[in-house]
Amino acid sequence: MAKTNAAFMSGIPELVVLRLLARSEMYGYELIRAIRVGSGESIVLAEGVVYPTLHSLESRGLLKSKERLVKGRTRVYYQTTAKGKKRLGQLEGEWQRINQGVAAILRRVICQQ
Amino acid sequence: MSAIDWQRLRRDLLLGGVAPKHVRRTIDELGAHYEDLKTQAIGEGLQEEEGAARAQRELGDAATILDEVLSKPELRSWAATYPRAFFLLVPVLSVLASFAIVIASVLFLASSAGWLEGLEDGSELTLWRKAAVESWFFLNCYLVTPALALGVVAIARQRMIAPQWPAIGIVLLTVLGSGWAYNIGWPEDGGAGNFTLNWGFSFLPRVVRGFHDWQNFLQIGFTLLAAAAFWRYYDPLRTKFSSTG
(Lines give C-alpha, C1' and ligand atoms only; values in the text may rest on other atoms or scores of the structure.)
Protein backbone atom coordinates (compact mmCIF):
# COMPACT_ATOMS: atom_id res chain seq x y z
CA MET A 1 0.00 0.00 0.00
CA ALA A 2 1.40 3.42 -1.01
CA LYS A 3 2.45 5.73 1.83
CA THR A 4 0.66 9.07 2.15
CA ASN A 5 2.35 12.04 0.42
CA ALA A 6 4.80 13.38 3.02
CA ALA A 7 4.41 17.00 1.89
CA PHE A 8 0.76 16.93 3.00
CA MET A 9 1.51 15.32 6.32
CA SER A 10 3.14 18.17 8.24
CA GLY A 11 1.36 18.50 11.58
CA ILE A 12 -1.21 15.83 10.77
CA PRO A 13 0.28 12.98 12.84
CA GLU A 14 0.18 15.23 15.93
CA LEU A 15 -3.48 16.12 15.33
CA VAL A 16 -4.56 12.56 14.58
CA VAL A 17 -2.62 11.01 17.46
CA LEU A 18 -3.93 13.52 20.00
CA ARG A 19 -7.50 13.00 18.74
CA LEU A 20 -7.42 9.20 18.90
CA LEU A 21 -5.64 9.06 22.25
CA ALA A 22 -8.06 11.57 23.76
CA ARG A 23 -10.80 8.99 23.21
CA SER A 24 -9.03 5.99 24.74
CA GLU A 25 -5.54 4.85 25.65
CA MET A 26 -3.69 2.73 23.06
CA TYR A 27 -0.27 1.28 22.36
CA GLY A 28 1.62 2.02 19.14
CA TYR A 29 0.42 -0.93 17.08
CA GLU A 30 -3.20 -0.35 18.09
CA LEU A 31 -2.89 3.34 17.30
CA ILE A 32 -1.57 2.72 13.79
CA ARG A 33 -4.46 0.34 13.13
CA ALA A 34 -6.90 2.95 14.42
CA ILE A 35 -5.37 5.61 12.11
CA ARG A 36 -5.68 3.31 9.11
CA VAL A 37 -9.21 2.20 9.82
CA GLY A 38 -10.39 5.62 10.99
CA SER A 39 -9.03 7.36 7.87
CA GLY A 40 -10.44 4.71 5.53
CA GLU A 41 -6.83 3.77 4.60
CA SER A 42 -6.21 7.30 3.29
CA ILE A 43 -3.52 7.98 5.92
CA VAL A 44 -0.83 5.33 5.66
CA LEU A 45 2.41 6.05 7.51
CA ALA A 46 5.69 4.16 7.68
CA GLU A 47 4.60 2.65 10.98
CA GLY A 48 7.95 3.15 12.70
CA VAL A 49 7.69 6.94 12.52
CA VAL A 50 4.76 7.06 14.93
CA TYR A 51 7.04 6.36 17.91
CA PRO A 52 9.19 9.50 17.61
CA THR A 53 5.92 11.46 17.38
CA LEU A 54 4.56 9.74 20.51
CA HIS A 55 7.79 10.35 22.46
CA SER A 56 7.96 13.94 21.34
CA LEU A 57 4.35 14.61 22.38
CA GLU A 58 5.00 12.92 25.70
CA SER A 59 8.13 14.97 26.39
CA ARG A 60 6.07 18.11 25.70
CA GLY A 61 3.50 16.97 28.28
CA LEU A 62 0.75 16.40 25.70
CA LEU A 63 0.65 12.62 26.26
CA LYS A 64 1.30 10.37 29.22
CA SER A 65 2.39 6.75 29.03
CA LYS A 66 2.07 3.65 31.16
CA GLU A 67 3.85 0.31 30.73
CA ARG A 68 1.80 -2.87 31.04
CA LEU A 69 2.66 -6.52 30.70
CA VAL A 70 0.21 -8.15 28.27
CA LYS A 71 0.61 -11.82 27.32
CA GLY A 72 4.29 -11.74 28.33
CA ARG A 73 5.01 -8.66 26.23
CA THR A 74 5.53 -5.15 27.60
CA ARG A 75 3.16 -2.67 26.01
CA VAL A 76 3.45 1.09 26.40
CA TYR A 77 -0.01 2.65 26.48
CA TYR A 78 -0.40 6.32 25.66
CA GLN A 79 -3.18 8.74 26.52
CA THR A 80 -3.78 12.44 25.86
CA THR A 81 -3.30 14.68 28.92
CA ALA A 82 -5.34 17.76 29.82
CA LYS A 83 -2.62 19.90 28.22
CA GLY A 84 -2.81 17.67 25.16
CA LYS A 85 -6.57 18.15 24.91
CA LYS A 86 -6.10 21.91 24.98
CA ARG A 87 -3.53 21.63 22.20
CA LEU A 88 -5.90 19.34 20.31
CA GLY A 89 -8.58 22.03 20.41
CA GLN A 90 -6.16 24.56 18.88
CA LEU A 91 -5.02 22.14 16.18
CA GLU A 92 -8.57 21.20 15.25
CA GLY A 93 -9.46 24.88 14.88
CA GLU A 94 -6.43 25.51 12.64
CA TRP A 95 -7.16 22.40 10.62
CA GLN A 96 -10.80 23.41 9.98
CA ARG A 97 -9.69 26.90 8.89
CA ILE A 98 -7.02 25.61 6.47
CA ASN A 99 -9.26 22.86 5.19
CA GLN A 100 -12.05 25.34 4.39
CA GLY A 101 -9.55 27.70 2.76
CA VAL A 102 -8.10 25.03 0.50
CA ALA A 103 -11.57 23.72 -0.36
CA ALA A 104 -12.70 27.23 -1.31
CA ILE A 105 -9.71 27.70 -3.63
CA LEU A 106 -10.25 24.32 -5.26
CA ARG A 107 -13.96 25.07 -5.80
CA ARG A 108 -13.16 28.44 -7.39
CA VAL A 109 -10.56 26.93 -9.75
CA ILE A 110 -12.91 24.17 -10.78
CA CYS A 111 -15.74 26.70 -11.44
CA GLN A 112 -13.40 28.89 -13.60
CA GLN A 113 -12.47 25.85 -15.72
CA MET B 1 13.73 -3.83 1.92
CA SER B 2 16.53 -5.12 4.14
CA ALA B 3 15.87 -5.91 7.81
CA ILE B 4 16.56 -3.16 10.32
CA ASP B 5 19.93 -3.54 12.02
CA TRP B 6 18.81 -2.60 15.55
CA GLN B 7 22.33 -2.25 16.90
CA ARG B 8 23.25 0.13 14.12
CA LEU B 9 20.06 2.14 14.54
CA ARG B 10 20.79 2.43 18.27
CA ARG B 11 24.31 3.67 17.54
CA ASP B 12 23.12 6.17 14.91
CA LEU B 13 20.49 7.56 17.26
CA LEU B 14 23.04 7.99 20.05
CA LEU B 15 25.54 9.59 17.67
CA GLY B 16 22.75 11.91 16.56
CA GLY B 17 22.45 13.18 20.14
CA VAL B 18 19.20 11.43 21.09
CA ALA B 19 18.90 10.86 24.85
CA PRO B 20 19.61 7.24 25.86
CA LYS B 21 16.17 6.80 27.43
CA HIS B 22 14.48 7.76 24.15
CA VAL B 23 16.85 5.50 22.20
CA ARG B 24 16.00 2.56 24.45
CA ARG B 25 12.27 3.19 24.23
CA THR B 26 12.33 3.69 20.47
CA ILE B 27 14.21 0.44 19.90
CA ASP B 28 12.04 -1.52 22.38
CA GLU B 29 8.75 -0.26 20.98
CA LEU B 30 9.81 -0.68 17.35
CA GLY B 31 10.92 -4.23 18.13
CA ALA B 32 7.58 -5.05 19.75
CA HIS B 33 5.72 -3.44 16.84
CA TYR B 34 7.73 -5.48 14.35
CA GLU B 35 6.85 -8.68 16.24
CA ASP B 36 3.15 -7.72 16.22
CA LEU B 37 3.23 -7.10 12.46
CA LYS B 38 5.02 -10.37 11.85
CA THR B 39 2.62 -12.34 14.07
CA GLN B 40 -0.32 -10.82 12.22
CA ALA B 41 1.18 -11.63 8.80
CA ILE B 42 1.87 -15.23 9.81
CA GLY B 43 -1.63 -15.43 11.26
CA GLU B 44 -2.96 -14.45 7.84
CA GLY B 45 -1.22 -17.47 6.34
CA LEU B 46 2.17 -16.11 5.20
CA GLN B 47 5.33 -18.12 5.69
CA GLU B 48 7.84 -16.97 8.33
CA GLU B 49 10.10 -15.25 5.78
CA GLU B 50 7.27 -13.58 3.89
CA GLY B 51 5.75 -12.43 7.16
CA ALA B 52 9.07 -10.91 8.25
CA ALA B 53 9.45 -9.12 4.91
CA ARG B 54 5.94 -7.69 5.10
CA ALA B 55 6.45 -6.59 8.70
CA GLN B 56 9.66 -4.86 7.67
CA ARG B 57 7.96 -3.09 4.77
CA GLU B 58 5.16 -1.81 6.95
CA LEU B 59 7.45 -0.70 9.73
CA GLY B 60 9.55 1.43 7.36
CA ASP B 61 13.30 1.53 6.79
CA ALA B 62 15.90 2.55 9.37
CA ALA B 63 16.82 5.78 7.53
CA THR B 64 13.23 7.07 7.61
CA ILE B 65 12.87 6.28 11.30
CA LEU B 66 16.26 7.82 12.06
CA ASP B 67 15.38 11.03 10.19
CA GLU B 68 12.08 11.27 12.03
CA VAL B 69 13.68 10.88 15.47
CA LEU B 70 16.50 13.31 14.68
CA SER B 71 13.99 15.91 13.52
CA LYS B 72 12.65 16.18 17.09
CA PRO B 73 14.97 18.40 19.16
CA GLU B 74 13.02 17.63 22.33
CA LEU B 75 14.33 14.04 22.19
CA ARG B 76 17.99 15.14 22.33
CA SER B 77 20.03 14.88 25.52
CA TRP B 78 21.34 17.99 27.30
CA ALA B 79 24.86 16.60 27.18
CA ALA B 80 24.71 16.23 23.38
CA THR B 81 23.00 19.57 22.80
CA TYR B 82 25.25 21.65 25.09
CA PRO B 83 28.40 19.53 25.58
CA ARG B 84 30.61 22.47 26.56
CA ALA B 85 28.29 23.80 29.27
CA PHE B 86 27.31 20.32 30.45
CA PHE B 87 30.81 18.86 30.83
CA LEU B 88 32.25 21.97 32.44
CA LEU B 89 29.38 22.71 34.81
CA VAL B 90 28.44 19.21 35.92
CA PRO B 91 31.91 18.35 37.34
CA VAL B 92 32.19 21.63 39.23
CA LEU B 93 28.66 21.40 40.62
CA SER B 94 29.01 17.72 41.54
CA VAL B 95 32.26 18.35 43.46
CA LEU B 96 30.72 21.30 45.28
CA ALA B 97 27.58 19.27 46.04
CA SER B 98 29.57 16.32 47.36
CA PHE B 99 31.54 18.55 49.73
CA ALA B 100 28.43 20.39 50.86
CA ILE B 101 26.98 16.99 51.75
CA VAL B 102 30.16 16.06 53.65
CA ILE B 103 30.19 19.27 55.64
CA ALA B 104 26.47 19.01 56.45
CA SER B 105 26.78 15.39 57.54
CA VAL B 106 29.85 16.06 59.70
CA LEU B 107 28.12 19.00 61.36
CA PHE B 108 25.16 16.75 62.06
CA LEU B 109 27.36 13.98 63.51
CA ALA B 110 29.37 16.44 65.54
CA SER B 111 26.40 18.33 66.96
CA SER B 112 24.49 15.16 67.79
CA ALA B 113 27.51 13.98 69.81
CA GLY B 114 28.16 17.33 71.47
CA TRP B 115 31.57 17.18 69.83
CA LEU B 116 31.96 20.83 68.87
CA GLU B 117 30.69 22.16 72.20
CA GLY B 118 32.90 19.85 74.28
CA LEU B 119 31.97 16.68 76.12
CA GLU B 120 30.97 16.34 79.72
CA ASP B 121 33.80 15.51 82.12
CA GLY B 122 34.90 11.93 81.92
CA SER B 123 32.82 11.04 78.86
CA GLU B 124 34.30 10.06 75.51
CA LEU B 125 33.05 9.79 71.98
CA THR B 126 31.95 6.26 71.32
CA LEU B 127 34.18 4.20 69.07
CA TRP B 128 31.46 3.66 66.47
CA ARG B 129 30.88 7.40 66.15
CA LYS B 130 34.58 8.03 65.63
CA ALA B 131 34.73 5.21 63.12
CA ALA B 132 31.68 6.58 61.29
CA VAL B 133 33.20 10.05 60.99
CA GLU B 134 36.62 8.71 59.93
CA SER B 135 35.07 6.39 57.33
CA TRP B 136 32.89 9.14 55.99
CA PHE B 137 35.90 11.44 55.64
CA PHE B 138 37.96 8.71 54.03
CA LEU B 139 35.21 7.90 51.52
CA ASN B 140 34.85 11.52 50.56
CA CYS B 141 38.57 12.16 50.33
CA TYR B 142 39.49 9.12 48.26
CA LEU B 143 36.42 7.59 46.64
CA VAL B 144 33.93 10.32 45.77
CA THR B 145 36.10 12.06 43.17
CA PRO B 146 36.92 8.86 41.25
CA ALA B 147 33.25 7.86 41.44
CA LEU B 148 32.15 11.23 40.06
CA ALA B 149 34.74 10.95 37.27
CA LEU B 150 33.44 7.51 36.34
CA GLY B 151 29.93 8.94 36.36
CA VAL B 152 30.95 11.62 33.86
CA VAL B 153 32.57 8.96 31.66
CA ALA B 154 29.40 6.85 31.80
CA ILE B 155 27.23 9.83 30.82
CA ALA B 156 29.52 10.68 27.89
CA ARG B 157 29.89 7.08 26.68
CA GLN B 158 26.18 6.28 26.93
CA ARG B 159 25.53 9.27 24.70
CA MET B 160 28.50 8.47 22.43
CA ILE B 161 29.82 12.01 22.81
CA ALA B 162 33.22 12.95 21.34
CA PRO B 163 35.86 12.82 24.08
CA GLN B 164 37.26 16.37 24.11
CA TRP B 165 34.73 18.11 26.40
CA PRO B 166 34.21 15.15 28.73
CA ALA B 167 38.02 14.87 29.05
CA ILE B 168 38.36 18.54 29.99
CA GLY B 169 35.48 18.11 32.46
CA ILE B 170 37.09 15.07 34.05
CA VAL B 171 40.44 16.83 34.48
CA LEU B 172 38.64 19.79 36.05
CA LEU B 173 36.65 17.51 38.35
CA THR B 174 39.77 15.55 39.32
CA VAL B 175 41.81 18.64 40.14
CA LEU B 176 38.98 20.24 42.11
CA GLY B 177 38.01 17.04 43.89
CA SER B 178 41.54 15.90 44.73
CA GLY B 179 42.68 19.12 46.37
CA TRP B 180 40.47 18.78 49.40
CA ALA B 181 41.74 17.55 52.75
CA TYR B 182 40.08 17.22 56.12
CA ASN B 183 41.52 17.26 59.57
CA ILE B 184 39.63 16.03 62.62
CA GLY B 185 40.40 17.15 66.14
CA TRP B 186 38.64 14.83 68.58
CA PRO B 187 37.42 16.46 71.81
CA GLU B 188 39.76 15.84 74.76
CA ASP B 189 39.67 16.56 78.49
CA GLY B 190 36.28 18.25 78.31
CA GLY B 191 37.47 20.61 75.54
CA ALA B 192 35.72 21.10 72.24
CA GLY B 193 36.67 19.15 69.14
CA ASN B 194 37.10 20.62 65.69
CA PHE B 195 37.43 19.78 62.07
CA THR B 196 39.06 21.74 59.28
CA LEU B 197 38.64 21.57 55.57
CA ASN B 198 41.41 22.73 53.24
CA TRP B 199 41.94 22.87 49.54
CA GLY B 200 45.32 23.10 47.82
CA PHE B 201 48.25 21.25 46.23
CA SER B 202 51.77 20.58 47.32
CA PHE B 203 53.34 22.39 44.35
CA LEU B 204 51.96 25.59 45.86
CA PRO B 205 53.92 27.50 48.53
CA ARG B 206 53.25 26.04 51.97
CA VAL B 207 51.50 29.17 53.19
CA VAL B 208 48.88 28.72 50.46
CA ARG B 209 48.53 24.98 50.38
CA GLY B 210 48.16 24.36 54.09
CA PHE B 211 49.01 20.79 55.01
CA HIS B 212 48.40 19.04 51.69
CA ASP B 213 50.88 16.50 50.47
CA TRP B 214 51.65 14.05 47.71
CA GLN B 215 48.45 12.09 48.39
CA ASN B 216 46.59 14.68 46.31
CA PHE B 217 48.71 13.78 43.30
CA LEU B 218 48.24 10.08 43.93
CA GLN B 219 44.51 10.66 43.89
CA ILE B 220 44.69 12.70 40.67
CA GLY B 221 46.70 9.94 38.98
CA PHE B 222 44.38 7.21 40.23
CA THR B 223 41.23 9.10 39.17
CA LEU B 224 42.51 9.92 35.69
CA LEU B 225 43.72 6.36 35.12
CA ALA B 226 40.39 4.91 36.27
CA ALA B 227 38.47 7.33 34.04
CA ALA B 228 40.68 6.54 31.01
CA ALA B 229 40.32 2.78 31.56
CA PHE B 230 36.55 3.09 31.97
CA TRP B 231 36.35 5.13 28.77
CA ARG B 232 38.35 2.52 26.91
CA TYR B 233 36.48 -0.57 28.08
CA TYR B 234 32.91 0.64 28.61
CA ASP B 235 30.87 -0.10 25.53
CA PRO B 236 27.47 1.61 25.66
CA LEU B 237 26.06 -0.65 22.94
CA ARG B 238 26.50 -3.68 25.15
CA THR B 239 25.09 -4.36 28.54
CA LYS B 240 28.44 -5.52 29.88
CA PHE B 241 32.08 -4.51 29.59
CA SER B 242 33.75 -5.14 26.28
CA SER B 243 37.36 -5.42 25.23
CA THR B 244 36.57 -3.87 21.86
CA GLY B 245 36.24 -0.39 23.40
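Excluded from the calculations below are hydrogen atoms, water molecules and symmetry mates; all remaining heavy atoms, backbone and side chain alike, are included. Quick note on labels: first sequence line is chain A, next is B, and so on, each numbered from 1.
When side chains are defined from C-beta on, A:Ile32 does not count as touching B:Glu58, because their heavy atoms never get closer than 4.5 Å.
Ranked by heavy-atom pairs shorter than 4.5 Å toward chain A, the options B:Asp67, B:Thr64, B:Val18, B:Thr26 are led by B:Thr26.
For B:Asp36 and A:Arg75, the salt-bridge test passes: some basic side-chain N is under 4.0 Å from an acidic carboxylate O. A salt bridge is absent between B:Arg25 and A:Glu67; no separation between the charged side-chain nitrogens and carboxylate oxygens falls under 4.0 Å.
Using a 4.5 Å cut-off between heavy atoms, B:Leu37 contacts chain A through both its backbone and its side chain. Contacts between A:Leu54 and chain B at a heavy-atom distance below 4.5 Å are absent for every atom of the residue.
Side-chain contact annotation: B:Glu74 with A:His55, donor-acceptor N/O pair under 3.5 Å absent. Using modelled atom types and a 3.5 Å distance limit, the side chains of A:Tyr51 and B:Glu68 yield no donor-acceptor pair.
For B:Arg8, the CZ atom counts as loosely surrounded, since its 6.0 Å shell holds 12 or fewer non-hydrogen atoms of other residues, nucleotides or ligands. Within 6.0 Å of atom CH2 in B:Trp78, 12 or fewer heavy atoms from other residues, nucleotides or ligands are found, so the atom counts as exposed in its surroundings. Around the CZ atom of B:Arg84, the shell of radius 6.0 Å holds no more than 12 heavy atoms that belong to other residues, nucleotides or ligands. More than 12 heavy atoms of other residues, nucleotides or ligands shown are found within 6.0 angstrom of CD on B:Glu44. The environment of A:Tyr77 atom OH is dense: over 12 non-hydrogen atoms of other residues, nucleotides or ligands sit within 6.0 angstrom. Annotation for A:Arg68: atom CZ counts as buried by contact number, over 12 foreign heavy atoms lying within 6.0 Å. Crowding of B:Glu49 atom CD: a count of heavy atoms from other residues, nucleotides or ligands under 6.0 Å not exceeding 12.
Scanning both residues, B:Leu30 and A:Gly48, for their nearest heavy atoms gives CD2-CA, 3.4 Å. Taking every heavy atom of both residues into account, A:Tyr78 and B:Glu29 meet most closely at OH-OE1, 2.8 Å. Considering every non-hydrogen atom in both A:Ser59 and B:Leu75, the closest pair reads OG-CD2, 4.3 Å.
Taking NZ of B:Lys72 as the start and CG of A:Leu57 as the end, the distance is 7.5 Å to the nearest 0.5 Å.
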Side chain to side chain contact (heavy atoms under 4.5 Å, CB included) between A:Tyr29 and B:Gln40, intermediate numbers included: CA-CA 11 Å; A:Tyr29 182 80; B:Gln40 189 195 340; 2.3 Å; yes
